[in-house]
Amino acid sequence: MSTTPRASSAIPGEPAHLGSVLAHHPELASQFMDLYGTFWGSDVLSARLKEIARMRNARVTECGFCRNVRFEKAVGEGLGEDVLDDITDGYETSGKLTDAEKAVLKFTDALIFDPDLLTGDARVALQKHLSAEQIAELGMGITLFLALAKALITMGLEPETMERTVLPTPEPVQREATE
Amino acid sequence: MNGPVAQAVAGNPEFARQYTNFRNTAHHALGDDLTAQVRQAVAQVHGLDQALGDTAPPAMPDDKSAELCVAYARRMPFEHTAITDAEAAEVIDAIGEPGYVALSVVAALADAECRAAMVDLPALARQA
């Protein structure tokens with residue numbers, strides 16, 4: 001896995017990172033930020049559950065950047081490092097993760113790794129803990145987590161080293177009404 | 001091309017609109033024909049004939065740059081950490097840096113959408 005950017009920043013003065021590289025296509029960058037902000041701004045599903053899925057994706061895809069970022073909203077909902085430490089193989093036996101969180105993790109694994117994991121009891125558990133609307137939102141989020149983590153890695157945008165960093169949660173883009 | 005995620009979030013007009021805009025813009029950035037080739041190649045790695053919602057792409061052009069792009073995309077589902085600097089550089093030489101960025105996003109999104117289809121995300125999102 002390369003930590004040397006394979007694509008340059010399209011924003012003068014900024015280093016190569018996902019946002020500055022996507023800026024080779026400004027509309028694409030802007031639409032991703034809109035979508036990601038709307039996703040994190042929605043409260044249909046808690047930020048805590050979204051962050052748990054995001055962290056599982058970070059570990060499975062080996063995205064070091066994703067793994068070291070924390071979003072404020074999930075931290076504010078009480079998601080601490082002691083719980084995040086259990087989002088590793090064998091999470092099924094964790095005493096810190098709730099049953100709903102384990103169901104979200106199993107769904108995440110099925111979507112990003114092996115669809116056969118979402119059969120029988122795992123499917124029942126997911127549908128017990130999450131509504132259809134919540135599953136739709138989570139499914140879209142996991143799709144974005146997976147796609148953007150893989151795009152980031154393949155474009156060589158992984159940091160060589162990175163401290164754990166709490167970032168402001170992406171927010172919906174506010175635009176002035178135009179009429 | 002619509003896809004399983006857009007189908008799953010159809011009940012939320014804002015998500016549906018924004019996701020579709022993002023996806024369509026990525027596809028447009030790479031170009032419709034090459035996007036179709038890339039999406040089919042990724043689907044075939046997953047053992048699918050086509051990505052959900054796609055139609056068969058036009059015949060593969062006899063074009064070295066398209067072949068390089070498809071070869072790069074085929075690595076995305078299971079070998080994304082193994083792509084080398086040299087492979088990426090070859091693609092950039094062939095289609096330029098903006099094209100390479102678009103290809104990386106389109107291939108990764110195609111992989112994620114195939115996976116969403118394989119867990120039948122649209123059906124899960126329709127459950128009673």
Side-chain angles (χ1 to χ4, degrees), chain A residues 1-2 4 6-8 10 21-25 27-39 42 44 61-62 107 110-118 123 126-127 130-140 142-156 158 172, chain B residues 3-12 14-15 17-19 21-26 28-29 46 72 75-77 80-85 87-89 91-92 96-113 115-122 124-128:
Chain A
M1 187 171 357
S2 178
T4 302
R6 293 165 174 167
S8 65
V21 168
L22 283 183
H24 281 285
H25 302 281
E27 194 181 359
L28 183 64
S30 158
Q31 287 177 346
F32 172 70
M33 294 312 296
D34 283 357
L35 174 61
Y36 209 48
T38 301
F39 168 75
S42 168
V44 168
T61 58
E62 301 180 48
F107 177 53
L111 206 158
I112 68 177
F113 177 61
D114 180 0
D116 288 343
L117 293 171
L118 195 67
R123 194 179 184 96
L126 179 70
Q127 294 177 324
L130 268 63
S131 69
E133 188 182 11
Q134 289 173 320
I135 293 171
E137 183 166 310
L138 180 62
M140 184 186 77
I142 296 168
T143 300
L144 294 174
F145 300 152
L146 177 62
L148 272 296
K150 285 192 172 181
L152 185 153
I153 289 167
T154 56
M155 290 192 285
E158 278 280 75
Chain B
V5 178
Q7 288 178 30
V9 297
N12 181 325
E14 189 66 1
F15 278 156
R17 181 184 65 78
Q18 291 189 346
Y19 183 84
N21 284 347
F22 169 65
R23 181 180 189 269
N24 288 349
T25 300
H28 180 70
H46 282 293
Y72 178 91
R75 303 265 270 158
M76 198 63 82
H80 67 282
T81 59
I83 293 171
T84 65
D85 290 342
E87 287 174 82
V91 173
I92 292 171
E97 208 170 27
Y100 169 71
V101 172
L103 171 64
S104 298
V105 173
V106 167
L109 198 57
D111 169 53
E113 287 198 347
R115 293 174 183 277
M118 288 191 291
V119 298
D120 204 357
L121 183 62
L124 288 167
R126 281 195 306 268
Q127 65 176 334

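Since this is a predicted model, take the numbers as computed values, not measurements. Below, chain A is the first sequence line, B the second, and so on; all start at residue 1.
With a 4.5 angstrom heavy-atom cutoff, A:I153 touches chain B only via side-chain atoms. Using a 4.5 Å cut-off between heavy atoms, B:L121 touches chain A through its side chain atoms alone. Contacts between A:S8 and chain B at a heavy-atom distance below 4.5 Å involve backbone atoms as well as side-chain atoms. B:P77 touches chain A through its backbone: at least one of N, CA, C or O sits under 4.5 Å from a heavy atom, while the side chain does not. In this structure, the portions of B:I83 lying under 4.5 Å from any heavy atom of chain A include both its backbone and its side chain. Residue contact with chain A, scored on non-hydrogen atoms closer than 4.5 Å, involves the backbone and the side chain of B:A102 alike. With a 4.5 angstrom heavy-atom cutoff, B:V5 touches chain A only via side-chain atoms.
The residue among A:L138, A:T38, A:L146 with the most heavy atom pairs within less than 4.5 Å of chain B is A:T38. The most heavy-atom pairs under 4.5 Å with chain B, out of A:L130, A:L152, A:L148, A:T61, come from A:T61. With chain A as the partner, the residue from B:A110, B:A29, B:P122 showing the most heavy-atom pairs under 4.5 Å is B:A29. Top candidate by heavy-atom pairs under 4.5 Å with chain B, chosen from A:L22, A:L118, A:I112, A:T4, is A:I112. Highest contact tally toward chain A, considering only B:M118, B:M76, B:Q7, B:E113, is held by B:M76 [criterion: heavy-atom pairs under 4.5 Å]. The residue among B:G11, B:P4, B:A125, B:A10 with the most heavy atom pairs within less than 4.5 Å of chain A is B:A125. Contact count versus chain A (heavy atoms, under 4.5 Å) is highest, among B:L109, B:D120, B:N21, for B:N21.
The aromatic rings of B:Y72 and B:Y100 stand perpendicular to each other, their planes meeting at an angle above 60°, with 30° marking the opposite boundary.
For NE2 of B:H28, the number of neighbouring non-hydrogen atoms (other residues, nucleotides, ligands) closer than 6.0 Å is 12 at most.
Looking at A:S42 and A:E137, their side chains do bring a donor and an acceptor atom within 3.5 Å of each other. A:Q31 and B:T25 share a donor-acceptor pair across their side chains, judged by distance under 3.5 Å alone.
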Could you walk me through whether A:F145 and A:F39 pass the ring pair (Phe, Tyr, Trp, His ring centres under 6.0 Å) test, one step at a time? CA-CA 11 Å; A:F145 300 152; A:F39 168 75; 5.8 Å; yes
The test is ring pair (Phe, Tyr, Trp, His ring centres under 6.0 Å); show your working for B:Y19 and B:F15 and say whether it passes. CA-CA 6 Å; B:Y19 183 84; B:F15 278 156; 9.5 Å; no
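In this structure, A:T154 OG1 and B:E87 CD are separated by 11.0 Å, a value rounded to the nearest 0.5 Å.
Nearest heavy atoms, A:V44 versus A:Q134: O-NE2, 2.9 Å.
Side-chain contact check for B:R115 versus A:I142: every heavy-atom pair is 4.5 Å or farther apart.
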